[in-house]
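See structure below.
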Amino acid sequence: MFDLNSLNPQQRAAVIHKDGPLLLLAGAGSGKTRVITCRIVHMIEQGIAPSNILAVTFTNKAAKEMRERVHEMIGQKNSKGMVVATFHSLCVQILKSHIDRLGFKKNFSIYGTSDQQRLIRDLLRELSSDSSSKDADQVLWRISAAKNQCLLPEQYKGDERDPFSLVTAHIYPRYQQSLKAFNAVDFDDLLLFGVRLFDENPDLLDHYRKRFRYQMVDEYQDTNPVQYRLLQQLAGGHKNLCVVGDDDQSIYAFRGADVSNILDFEKDFPGTKTIKLEQNYRSSGNILACANGIIKLNKKRREKALWTSDGNGADVEYILCEDSEDEARKVMERIHTEMARSNYQYGDFAILYRTNSQSRSYEEQLNYEEIPFVLIGGQQFFERKEVKDVIAYLKVIDNPTDEVSLLRILNYPKRGIGETSIDRIIRHSAEHNISLWKLLHHPEQVGEINERTCAGIYEFVDIIRRYRTQFSKSLPMDETLTQLMKELKLSEEIYRQEKDPQVAKRRIENQDEILNSMAYYLEQYDSPSLSGFIQRVSLNDDRPDKNDKEDKLESNSVTLMSLHSSKGLEFPVIFLVGMEEGFLPHKKSIYETFDIDEERRLCYVGITRARQQLVLLGARRRRKYGKIEQREPSRFLSEIPADRLVVYDKQLPESTPEQQEQSASNFFSNMSQMFND
DNA sequence: GGGTCACCAGTTTTT
DNA sequence: CTGGTGACCC
């Protein structure tokens with residue numbers, strides 16, 4: 001039994017609410033995750049079967065965290081049957097059982113971005129020979145956006161003013177046909193197919209509605225139209241849907257998230273009970289005043305104001321620096337003084353910026369000062385080539401119709417199958433409407449394929465077929481995989497390609513990690529299958545606890561990351577750098593998307609990460625693309641209540657606090673004039 | 001099939 | 001100024 005009295009009145013009301021729609025507007029640092037987990041625990045204690053409870057999150061990390069916290073509170077076996085999943089993994093689970101109703105086979109492959117790029121590039125090549133991967137990205141982006149809007153291929157119409165959309169209108173149907181032929185779906189399809197499945201099969205929908213009598217969605221402000229429809233379907237009938245989110249932290253519009261989902265929730269679900277969580281348990285009063293002051297200027301939002309029962313805490317500071325090096329040095333100085341003055345550790349500091357390229361001067365400076373740091377972000381993690389190569393083998397073994405994966409490994413490691421031969425085979429396959437996999441059994445019928453190449457193809461087909469048999473036996477899968485990797489001589493291949501032996505070693509370790517993943521998977525599941533494993537890996541849900549963000553944060557190092565990655569995290573001391581027009585708000589938002597409010601939310605997210613100290617920095621000038629550029633302070637600085645911000649402008653002579661305040665207010669009146677339009 | 005050179009573009013990210 | 005990509009040559 002947990003103590004309801006440990007919650008504040010609003011939190012308690014949210015936990016106790018049982019039937020009917022509930023909108024929980026949870027400000028930054030208001031104990032949101034705690035409320036969700038308590039709510040689950042409370043429901044179970046009230047006698048609701050765990051298997052009737054569904055909690056949906058956006059990331060595997062959040063799902064894992066929630067699951068673990070529930071387990072901690074009432075034990076794993078008391079919550080057995082409860083489903084805590086990401087939108088994507090939920091849909092995979094549903095599709096695993098029913099995708100045949102959409103004409104796919106159960107062992108479908110899941111295509112990630114690079115698979116999609118490859119497929120679209122190939123489709124574009126068929127259309128015109130001089131298409132670049134740039135074009136493919138443009139088309140891919142539009143297809144993904146269309147799918148996020150629930151637009152099927154036949155519904156997509158190009159726009160004359162956007163040439164790429166015309167290409168997309170052409171490619172999208174072909175792309176979808178190819179996926180079907182390959183028995184593959186992309187990430188967006190996972191959700192879209194879920195929606196389609198329920199649209200076309202009321203019996204299934206009914207089944208899942210009954211199964212998930214109580215539903216919860218975290219970060220609801222990040223839902224896109226497909227996710228919205230899925231929830232509409234699942235919660236239809238009983239309407240026991242609890243959504244949790246913060247419209248002020250909606251920062252993913254660029255990937256289809258629609259704030260109006262959360263803003264209009266009460267309209268969509270009449271009878272909604274709305275609870276606001278505004279008491280903040282994270283930041284000091286000054287920090288909250290800055291955050292509130294900025295965010296209240298957004299036009300479309302729910303009125304909310306964070307407050308704390310603690311004091312004002314340290315001053316929030318703004319330091320105007322000369323250039324990016326100066327900015328980095330100022331941060332270093334500050335880290336040193338804080339560590340000497342209080343007992344902060346390196347892990348207590350985070351440096352946040354708008355664009356990843358801004359991390360550079362900090363990496364250099366931190367290296368120079370020999371301060372340990374971790375850089376979060378980049379994509380390396382999701383796009384590790386060597387990992388994808390092994391996975392491609394598994395995908396083809398499991399599903400030989402997966403032609404993107406097949407083409408990836410057909411000549412990897414090298415077996416003398418050149419590009420020309422591959423082109424000929426692909427053309428023959430298209431012209432005679434024979435699948436690649438079938439055709440590869442008889443490459444000689446293509447003609448113009450020399451003997452050596454044929455031999456290579458036979459070798460390849462033989463490997464895939466042998467391991468297909470091998471994996472279908474009830475032998476331990478990880479042993480079979482070890483054997484496969486050994487036979488393919490993958491590590492030899494990596495050593496041959498990679499000059500730097502250190503890097504080569506790492507890449508081989510990455511490959512070996514797949515084996516660990518598989519062993520872990522085998523431990524976890526009663527009826528493991530190759531398809532199941534691949535689908536898990538494809539959703540990046542494969543690692544027990546290796547090497548993820550969490551791990552990095554525990555290493556007691558200064559953290560460097562983008563504002564987007566910082567959402568959901570907190571640090572005692574935050575440096576929010578690059579507070580300049582062009583960065584925050586980003587220039588694209590000023591001149592192209594015109595969505596300053598989204599940038600303001602981003603700024604708000606950054607500010608509310610800070611627990612004790614918040615230092616804002618910006619530079620007068622910056623080297624950009626080789627040229628020196630004058631910079632203007634971010635307009636958001638002038639939106640902070642002037643009495644809450646202490647400004648340090650190095651060009652001024654040393655001054656008393658009164659003078660500083662004076663110069664601050666001058667500074668702001670200048671700025672607000674500048675941006676008053 | 002691999003290496004070199006010129007050219008181009010340069011938010012944000014998860015699944 | 002960078003890093004990534006594509007064309008071209010050996």
Side-chain angles (χ1 to χ4, degrees), chain A residues 56-63 85-92 110-117 121 129-137 141 144 147-148 185-192 219 222-224 226-227 250-257 324 352-361 376-383 411-412 414-422 496-497 499 535-542 548-549 561-568 578 582-593 595 598-599 601-603 605-606 622-629:
Chain A
V56 186
T57 62
F58 273 84
T59 66
N60 293 308
K61 188 182 164 229
T86 64
F87 275 102
H88 294 269
S89 66
L90 174 69
C91 287
V92 168
I110 299 170
Y111 278 9
T113 318
S114 57
D115 302 312
Q116 294 175 282
Q117 280 167 333
R121 211 186 49 208
S129 51
D130 64 325
S131 53
S132 69
S133 63
K134 207 93 218 149
D135 302 337
D137 286 347
W141 193 86
S144 177
K147 288 184 175 182
N148 285 162
V185 303
D186 65 26
F187 277 114
D188 302 314
D189 285 336
L190 291 174
L191 306 176
L192 202 51
E219 306 281 12
D222 289 336
T223 49
N224 65 31
V226 191
Q227 289 155 343
S250 164
I251 54 173
Y252 285 109
F254 70 91
R255 63 179 201 213
S324 43
L352 309 184
Y353 37 77
R354 175 68 233 264
T355 70
N356 284 312
S357 63
Q358 287 170 264
S359 70
R360 250 197 109 122
S361 51
I376 290 177
Q379 315 152 297
Q380 330 128 348
F381 213 80
F382 296 93
E383 300 292 319
N411 196 35
Y412 181 89
K414 303 258 142 54
R415 10 182 115 77
I417 310 171
E419 210 175 317
T420 335
S421 307
I422 292 179
R496 201 146 51 82
Q497 284 186 335
K499 280 165 224 149
Q535 284 164 0
R536 239 176 105 82
V537 171
S538 304
L539 295 176
N540 292 309
D541 193 17
D542 60 314
D548 61 7
K549 228 185 236 186
M561 67 183 150
S562 71
L563 286 166
H564 282 92
S565 321
S566 76
K567 197 170 78 162
F583 275 148
L584 193 64
H586 193 270
K587 69 168 186 288
K588 291 226 168 167
S589 72
I590 302 174
Y591 299 113
E592 286 174 36
T593 58
D595 194 356
E598 174 108 345
E599 300 289 305
R601 291 191 287 264
L602 210 37
C603 184
V605 166
R622 220 172 258 278
R623 286 187 100 82
K624 243 197 149 194
Y625 313 142
K627 281 203 197 73
I628 291 176
E629 215 176 65

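Chain letters run A, B, ... following the sequence lines, proteins first and then strands; every chain starts at 1.
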Sort me out a list of protein N/O and nucleotides 1-7 of chain B N/O pairs below 3.5 Å, or just none if empty.
unit_1	atom_1	unit_2	atom_2	d
B/dG1	OP1	A/N411	ND2	3.4
B/dG2	OP1	A/K414	NZ	3.1

Query - Separation of the P atoms in C/dG3 and B/dT12, to the nearest angstrom - result: 15 Å
**Report entry** Separation of the P atoms in B/dT11 and C/dG4, to the nearest angstrom
**Finding:** 14 Å
Query - Phosphate contact (B/dT14 OP1 or OP2) by A/N60 side-chain N/O below 4.0 Å - result: no
Query raised in the report: For the pair made of CD in A/Q358 and P in C/dT2, what is the distance, rounded to whole Å?
Result: 17 Å
**Report entry** Side-chain donor/acceptor of A/E599 to backbone N/O of A/S589, under 3.5 Å
**Finding:** no
Query raised in the report: Quick one: is A/S565 getting a side-chain N or O under 4.0 Å of the B/dT13 phosphate, OP1 or OP2?
Result: yes
Requested in this report: May I ask you to say what A/R623 touches in the nucleic acid, namely base, sugar-phosphate or nothing, with a heavy-atom cut-off under 4.0 Å?
Outcome: nothing
Query raised in the report: Hey, does A/E599 reach any base, or is it just sugar-phosphate, or nothing, if we go heavy atoms under 4.0 Å?
Result: base
Query raised in the report: Could you state the interatomic distance from OG1 (A/T593) to NZ (A/K588), rounded to the nearest 0.5 Å?
Result: 9.5 Å
Requested in this report: For side chain to side chain contact (heavy atoms under 4.5 Å, CB included), just list the numbers for A/L352 and A/M561, CA-CA rounded to whole Å, side-chain angles, deciding distance to a tenth of an Å, and then say yes or no.
Outcome: CA-CA 5 Å; A/L352 309 184; A/M561 67 183 150; 3.7 Å; yes
Query raised in the report: For the pair made of CZ in A/F254 and P in B/dT12, what is the distance, rounded to whole Å?
Result: 9 Å
Report task. Report the distance from atom CD of A/E219 to atom C1' of B/dT13, rounded to the nearest whole Å. Result -> 14 Å
Query raised in the report: A/F87 near the nucleic acid: base, sugar-phosphate alone, or nothing, with a heavy-atom cut-off under 4.0 Å?
Result: nothing
Requested in this report: Flag as yes if A/H564 stacks onto the base of B/dT12 (centroids under 5.5 Å, planes under 30°), otherwise no.
Outcome: no
Query raised in the report: Any side-chain N or O of A/S562 under 4.0 Å from OP1/OP2 of B/dT11?
Result: no
Requested in this report: Determine, stepwise, if the pair A/Y111 / A/D189 fulfils side chain to side chain contact (heavy atoms under 4.5 Å, CB included).
Outcome: CA-CA 10 Å; A/Y111 278 9; A/D189 285 336; over 6 Å; no
Query raised in the report: Over how many whole Å does the gap from A/Y111 atom OH to B/dT14 atom P extend?
Result: 23 Å
Report task. Syn or anti for B/dT12, please, going by whether the chi angle lies within 90° of 0. Result -> anti
Requested in this report: Kindly say whether A/N356 contributes a backbone atom to a donor-acceptor pair with the side chain of A/S359 at under 3.5 angstrom?
Outcome: yes
Report task. For A/S589, report the nucleic acid contact type (base, sugar-phosphate, nothing); a contact means any heavy atom under 4.0 Å. Result -> nothing
Query raised in the report: Closer than 4.0 Å, any side-chain N/O of A/N356 to the OP1 or OP2 of B/dT13?
Result: yes
Requested in this report: Starting from C1' on B/dT14, measure out to CH2 on A/W141 and report it in whole angstrom.
Outcome: 16 Å
Requested in this report: Would you kindly compare A/L602 and A/H88 by the position of their nearest DNA chain B nucleotide and give the one closer to the 5′ end?
Outcome: A/L602
Query raised in the report: With centres under 5.5 Å and planes under 30° as the test, does A/F58 stack with B/dT15?
Result: no
Requested in this report: Hey, could you give me the OG1/CD distance between A/T59 and A/E219, rounded to the nearest 0.5 Å?
Outcome: 8.0 Å
Report task. Figure out the CZ/P separation between A/R121 and C/dT5, and round it to whole Å. Result -> 10 Å
Query raised in the report: Over how many whole Å does the gap from A/E592 atom CD to B/dG10 atom C1' extend?
Result: 12 Å
Query raised in the report: Under 3.5 Å, is there a donor-acceptor pair between the A/Q358 and A/T355 side chains?
Result: yes
Report task. For the pair A/H564 and A/F254, name the ring-plane relationship: parallel under 30°, tilted 30 to 60°, perpendicular over 60°. Result -> perpendicular
Query raised in the report: Does the side chain of A/N540 get closer than 4.0 angstrom to OP1 or OP2 of B/dT14 through an N or O atom?
Result: no
Report summary line: Which of B/dT13, C/dT2, B/dT11 is nearest the side chain of A/R360? It is C/dT2
Report summary line: From CD1 of A/I251 across to P of B/dT14 the rounded distance in Å is 11 Å
Query raised in the report: Within the distance-only criterion (no hydrogens, no angle test), does the side chain of A/R601 pair as donor or acceptor with the backbone N or O of A/S250 below 3.5 angstrom?
Result: yes
